[in-house]
> 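Okay, here's the structure, questions in a sec.
In this chain, numbering begins with 1 at the start of the sequence shown.
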Amino acid sequence: MTEGNGPEKSILQAFWHSIQIIFWGFVISSAIGVPLGILCGTVPAIARLVEPPVDFLRYLPAPAFGALMVAILGIYDAPKIAIIVIGTLFQQILVIGNTTRKLDFAVVEAARTLGAKGRGLMLHVVIPGILPDLYRDQRILLGWAWTYLIVAELIGTSSGITWFITQQARYQHFDNVFAAMALIGIVGMGTDMLLGFAARFLFRWKQEIV
């Protein structure tokens, strides 16, 4: 993870800093949210225990945690990353839980009949069965992470593309403001298109079935 080392001098430096915030926030969120979401979708007892509080927490605005995150994690990049995590984690758990529940029950029953159970059932039947839809969910959730970036970068030290936009607007350098906004849109859309293109090769079997 990165620590703030003062204001970036160029739009590319600022944007690279923001990409690191997005990357770490989404990786941490996914490392927690994906396994927990799959467990909620496959084990009803875990769903009953986890989903009600998660459903409550997802309605709390992530920016409201800003001051608390600064108090706990300091003023550098950690609270910014935490806001990305808070903004996407609870949604991931619920979305992936629902995706997992949509898996054809007949496939699971057939695997159990053939002797699959426990971790083997999870690794060789459930996860491969939901992988194309899980990939699609993560593409959507990554877009949500970008929406939390602006709020996250207002916390702690002044850095990233949000700081760059704010500074350029203050001095009425609107050409740089529009350039920064366009850069966010281009990279966000380009990333999604690249992931969509990769899906055609990663899940070719799914397309053939459909």
Side-chain angles (χ1 to χ4, degrees), residues 1-8 10-38 40 50-99 134-170 177 180-192 195:
M1 299 182 190
T2 62
E3 285 195 354
N5 295 318
E8 292 87 353
S10 73
I11 185 174
L12 293 179
Q13 286 178 313
F15 193 65
W16 174 244
H17 193 101
S18 296
I19 287 176
Q20 293 177 73
I21 299 296
I22 288 284
F23 175 81
W24 286 112
F26 195 68
V27 164
I28 293 171
S29 176
S30 298
I32 301 170
V34 171
L36 198 51
I38 293 174
C40 286
V50 171
E51 289 188 351
V54 167
D55 199 25
F56 168 77
L57 290 170
R58 75 186 176 111
Y59 286 106
L60 300 181
F65 292 90
L68 179 62
M69 293 299 100
V70 170
I72 296 174
L73 301 173
I75 62 171
Y76 295 111
D77 286 346
K80 304 175 192 292
I81 293 170
I83 293 300
I84 301 294
V85 173
I86 292 170
T88 58
L89 172 61
F90 306 127
Q91 304 290 349
Q92 280 204 55
I93 294 172
L94 296 177
V95 169
I96 294 171
N98 286 333
T99 294
L134 176 61
Y135 185 89
R136 179 207 58 210
D137 291 342
Q138 291 300 87
R139 284 177 60 191
I140 296 172
L141 290 161
L142 180 59
W144 290 2
W146 278 96
T147 66
Y148 284 103
L149 175 66
I150 300 299
V151 173
E153 289 189 331
L154 294 175
I155 298 169
T157 55
S158 299
S159 59
I161 198 67
T162 304
W163 178 88
F164 181 87
I165 291 174
T166 302
Q167 289 297 102
Q168 296 302 310
R170 179 179 300 173
V177 172
M181 293 172 63
L183 183 60
I184 294 173
I186 290 170
V187 172
M189 184 176 68
T191 301
D192 187 69
L195 291 173

> Atom CG in Leu36, atom CG in Leu89: separation rounded to 0.5 Å?
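Result: 7.5 Å between the selected atoms.
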> Is the shortest heavy-atom distance from the side chain of Gln13 to the side chain of Phe164 under 4.5 Å?
no
> Hey, does Ile19 have a side-chain heavy atom less than 4.5 Å from the side chain of Trp16?
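Counting from C-beta outward, Trp16 and Ile19 do come under 4.5 Å.
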> Do you know the tightest heavy-atom contact between Ile22 and Leu142?
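Looks like CG2-CD1, 4.2 Å.
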> Check whether any side-chain heavy atom of Gln138 lies under 4.5 Å from a side-chain heavy atom of Val34, and answer yes or no.
yes
> Side chains of Leu149 and Ile161: closer than 4.5 Å at any heavy-atom pair?
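Yes, close enough: below the 4.5 Å cut-off.
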> Could you pull out the closest heavy-atom pair between Ala180 and Ile165, with the gap in Å?
CB-CG1, 3.6 Å
> Give the C-alpha distance, both sets of side-chain angles, the deciding distance and a yes or no for side chain to side chain contact (heavy atoms under 4.5 Å, CB included) between Lys80 and Trp24.
CA-CA 10 Å; Lys80 304 175 192 292; Trp24 286 112; over 6 Å; no
> Does the side chain of Ser29 reach to within under 4.5 Å of the side chain of Ile84, using non-hydrogen atoms?
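Not touching, per the 4.5 Å side-chain cut-off.
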> Shortest non-hydrogen contact from Pro35 to Ser30?
CD-O, 3.5 Å
> Over all heavy atoms of both residues, which pair between Ala82 and Leu73 is shortest? Give the atoms and the distance, please.
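Heavy atoms only, the tightest pair is CB-CD1, 3.8 Å.
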> Side chain to side chain donor-acceptor pair (under 3.5 Å) with Glu51: which residues, sequence neighbours excluded?
Arg101
> Where do Thr88 and Trp144 come nearest, in terms of heavy atoms and distance?
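It is CG2-C, 4.4 Å.
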> Any side-chain heavy atom of His17 sitting closer than 4.5 Å to one from Asp77?
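Side-chain contact under 4.5 Å: yes.
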> Quick one: does any side-chain atom of Tyr135 pair with a main-chain N or O of Leu195 as donor and acceptor, under 3.5 Å?
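Checking the backbone N and O of Leu195 against the side chain of Tyr135, a donor-acceptor pair under 3.5 Å is found.
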> If I take atom CZ from residue Phe90 and atom CZ from residue Phe56, how far apart are they, to the nearest 0.5 angstrom?
10.0 Å
> With side chains defined as the heavy atoms from C-beta onward, is the minimum distance between Met181 and Ile184 less than 4.5 Å?
no
> Got a second to check how far Ile86's CD1 is from Ile28's CD1, nearest 0.5 Å?
11.0 Å
> Looking at side-chain heavy atoms only, is the closest gap between Arg136 and Thr99 below 4.5 Å?
yes
> About how many Å separate CD1 of Ile96 and SG of Cys40, when rounded to the nearest 0.5 Å?
10.0 Å
> To the nearest 0.5 Å, tell me how far Gln20 CD sits from Ile81 CD1.
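Between Gln20 CD and Ile81 CD1, I get 8.5 Å after rounding to 0.5 Å.
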